[in-house]
Amino acid sequence: MAETPLVRAAGLGKSFRGRRSTTQAIADIGFEQAPGEFLGVVGPSGCGKTTLLRCLAGLERPDTGTVEFDGRPVTGIPDAVSVVFQDYHRSLFPWLTAGENVRFPIRDRGRAAGREQAREALDRVGLAGFADHHPFQLSGGMQQRVAIARAIVSRPRFLLMDEPFASVDAQTRAVLEQLTVTITAELGLTVLLITHDIDEAILMADRVLVLSARPSRVLREVPIDLDRPRDEVETRALPLFQDYRREIHRVIANPGTAD
């Protein structure tokens, strides 16, 4: 890669040990990600995508291999990393308002400054005026907007997203996809998106990693050469979009053809 990578994974392997058996989730995964790059990760259900994300975020320690962030080994959660999870019901604190949820990661910055930064983050996700609402007073899509606002309020350098739109309806999903691409581009964030939706990965990412079935490894890296901004309807209708879609589907369905 031309630029010095912000994120580098090499030889990552992770297993989970039960009372009677051991399950290997990922095996020998390696890749690099440049600053500002939007990377999509797809693969069969249960292939270890979330395990990979947790290793990259420092939430899990891999059994083998290394993760580096900005040239330093990841041994815990780096300060400049934020995560958006799929289940907003569990990731938001129900007893806090939207504004208080967003301010939580920067609660040490002072009440006035934190409230202003939380307000700005809520404005970015289209929730101006909802700072005093509790999560139960908001729709699912609005709750996930709050989760995104909380992830960006600290201006992280690396944003990890674990199937963040899987729990919302199709129309809301399309809106949140476009919103996320716009916001992360404006802030210059490096983004890694875990998704089971191949179309979503192609629509949002600069490059797509295709993982094998468990224990997963990288089968293919697919650069996405589509102009930005990408319209939800028009981009999906492009022949090149369909070519990417067929290629990724083929690699997942027939992993022996990926090499």
Side-chain angles (χ1 to χ4, degrees), residues 1-12 26 28-44 47-57 65-71 74 80-84 156-165 176-212 216-232 235-236 238-253 255 257-259:
M1 301 175 68
E3 295 184 81
T4 301
L6 180 66
V7 181
R8 178 185 284 116
L12 285 188
I26 59 176
D28 197 26
I29 288 182
F31 67 91
E32 296 180 350
Q33 187 170 359
E37 183 181 20
F38 199 124
L39 185 65
V41 179
V42 300
C47 74
K49 296 187 292 294
T50 295
T51 299
L52 171 62
L53 178 142
R54 292 180 65 84
C55 289
L56 295 173
T66 59
V67 177
E68 292 182 3
F69 177 74
D70 201 18
V74 172
V81 173
S82 289
V83 182
V84 178
R157 297 180 64 194
F158 188 32
L159 178 63
L160 294 135
M161 309 186 81
D162 188 9
E163 301 201 30
F165 316 124
L176 291 177
E177 288 170 349
Q178 293 295 328
L179 178 72
T180 298
V181 169
T182 299
I183 291 173
T184 56
E186 289 174 350
L187 297 178
L189 304 185
T190 305
V191 184
L192 185 139
L193 171 72
I194 299 290
T195 179
H196 66 274
D197 190 319
I198 292 172
D199 286 14
E200 179 174 85
I202 299 169
L203 186 68
M204 299 181 70
D206 300 313
R207 181 165 53 108
V208 176
L209 295 186
V210 186
L211 301 186
S212 70
S216 58
R217 60 186 180 89
V218 177
L219 292 174
R220 178 74 59 84
E221 298 186 16
V222 182
I224 306 299
D225 187 20
L226 295 170
D227 292 338
R228 294 188 184 274
R230 298 172 187 169
D231 178 80
E232 174 79 19
T235 301
R236 290 175 185 265
L238 294 173
L240 185 54
F241 184 97
Q242 298 301 322
D243 289 344
Y244 288 135
R245 190 172 187 269
R246 282 191 293 269
E247 178 183 1
I248 294 172
H249 271 289
R250 180 182 58 80
V251 171
I252 292 175
T257 66
D259 298 326

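Here the structure is a predicted model, which is why all the values come from computation and not from measurement.
- Contact record, Val218 with Gly30: CG2-O, 4.0 Å, taken as the closest heavy-atom pair.
- Arg230 places a side-chain N or O within donor-acceptor distance of the main-chain N or O of Ile202, the cut-off being under 3.5 Å.
- The shortest heavy-atom contact between Met204 and Arg228 is O-NH2, 2.7 Å.
- No side-chain heavy atom of Phe31 sits less than 4.5 Å from a side-chain heavy atom of Leu12.
- For the atom pair SG (Cys55) and CD1 (Ile26), the distance works out to 4.5 Å, reported to the nearest 0.5 Å.
- In plain terms, the two heavy atoms of Thr4 and Pro35 that are nearest each other are O-CD, 3.3 Å.
- Rounded to the nearest 0.5 Å, atoms SG (Cys47) and CD1 (Ile194) are 8.0 Å apart.
- Using a 4.5 Å cut-off on side-chain heavy atoms (C-beta onward), Val208 and Val42 make contact.
- In this structure, CG in Asp206 is found 8.5 Å from CG in Leu39, a value given to the nearest 0.5 Å.
- Looking only at distances, a side-chain donor or acceptor of Glu37 sits under 3.5 Å from a matching main-chain atom of Ala34.
- No side-chain N or O of Glu163 forms a donor-acceptor pair with one of Thr195 less than 3.5 Å apart.
- Between the Ser216 side chain and the Ser212 main chain, no donor and acceptor come within less than 3.5 Å of each other.
- Pro164 places a side-chain heavy atom less than 4.5 Å from the side chain of Met161.
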Test log, rule side-chain contact (heavy atoms from CB on, under 4.5 Å), inputs Leu226 and Leu240: CA-CA 8 Å; Leu226 295 170; Leu240 185 54; 3.7 Å; yes
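- With contacts defined as side-chain heavy-atom distances shorter than 4.5 Å, the pair Arg220/Arg250 qualifies.
- A side chain to side chain contact (heavy atoms under 4.5 Å, CB included) with Leu159 is found for one member of Thr190, Leu189, Leu187 and no other, namely Leu189.
- Residues Lys49 and Asp162 are not paired through a salt bridge, judged by the lack of any N-O separation under 4.0 Å between the basic side chain and the carboxylate.
- Side-chain contact between His249 and Ile198 is present, with heavy atoms from C-beta onward closer than 4.5 Å.
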side-chain contact (heavy atoms from CB on, under 4.5 Å) between Leu238 and Tyr244, intermediate numbers included: CA-CA 10 Å; Leu238 294 173; Tyr244 288 135; over 6 Å; no
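- A heavy-atom distance below 4.5 Å is found between the side chains of Asp199 and Arg245.
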Test log, rule side-chain contact (heavy atoms from CB on, under 4.5 Å), inputs Glu247 and Val222: CA-CA 9 Å; Glu247 178 183 1; Val222 182; 4.0 Å; yes
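- Glu200 approaches Asp197 most closely through the heavy-atom pair N-OD1, 3.0 Å.
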Criterion side-chain contact (heavy atoms from CB on, under 4.5 Å) on Arg207 and Leu209, from CA distance to verdict: CA-CA 7 Å; Arg207 181 165 53 108; Leu209 295 186; 4.0 Å; yes
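- Residue Gln178 holds its CD atom at 11.5 Å from CD1 of Ile183, rounded to the nearest 0.5 Å.
- With Arg157 contributing its side chain and Gly188 its backbone, the two residues share no donor-acceptor pair below 3.5 Å.
- Residue Thr235 holds its OG1 atom at 11.5 Å from CD1 of Ile224, rounded to the nearest 0.5 Å.
- Between Gly40 and Ala205, the shortest heavy-atom contact is N-CB, 3.5 Å.
- Side-chain atoms of Leu192 and Val7, non-hydrogen and from C-beta on, never get closer than 4.5 Å to each other.
- Listed here is the closest heavy atom pair of Phe241 and Leu203: CE1-N, 4.0 Å.
- Once rounded to the nearest 0.5 Å, the distance linking CD1 of Ile252 with NE2 of His196 reads 11.5 Å.
- Side-chain atoms of Gln33 come within 3.5 Å of backbone N or O of Val191 as a donor-acceptor pair.
- Under the 3.5 Å distance criterion, the side-chain polar atoms of Thr184 are matched with a main-chain donor or acceptor of Val181.
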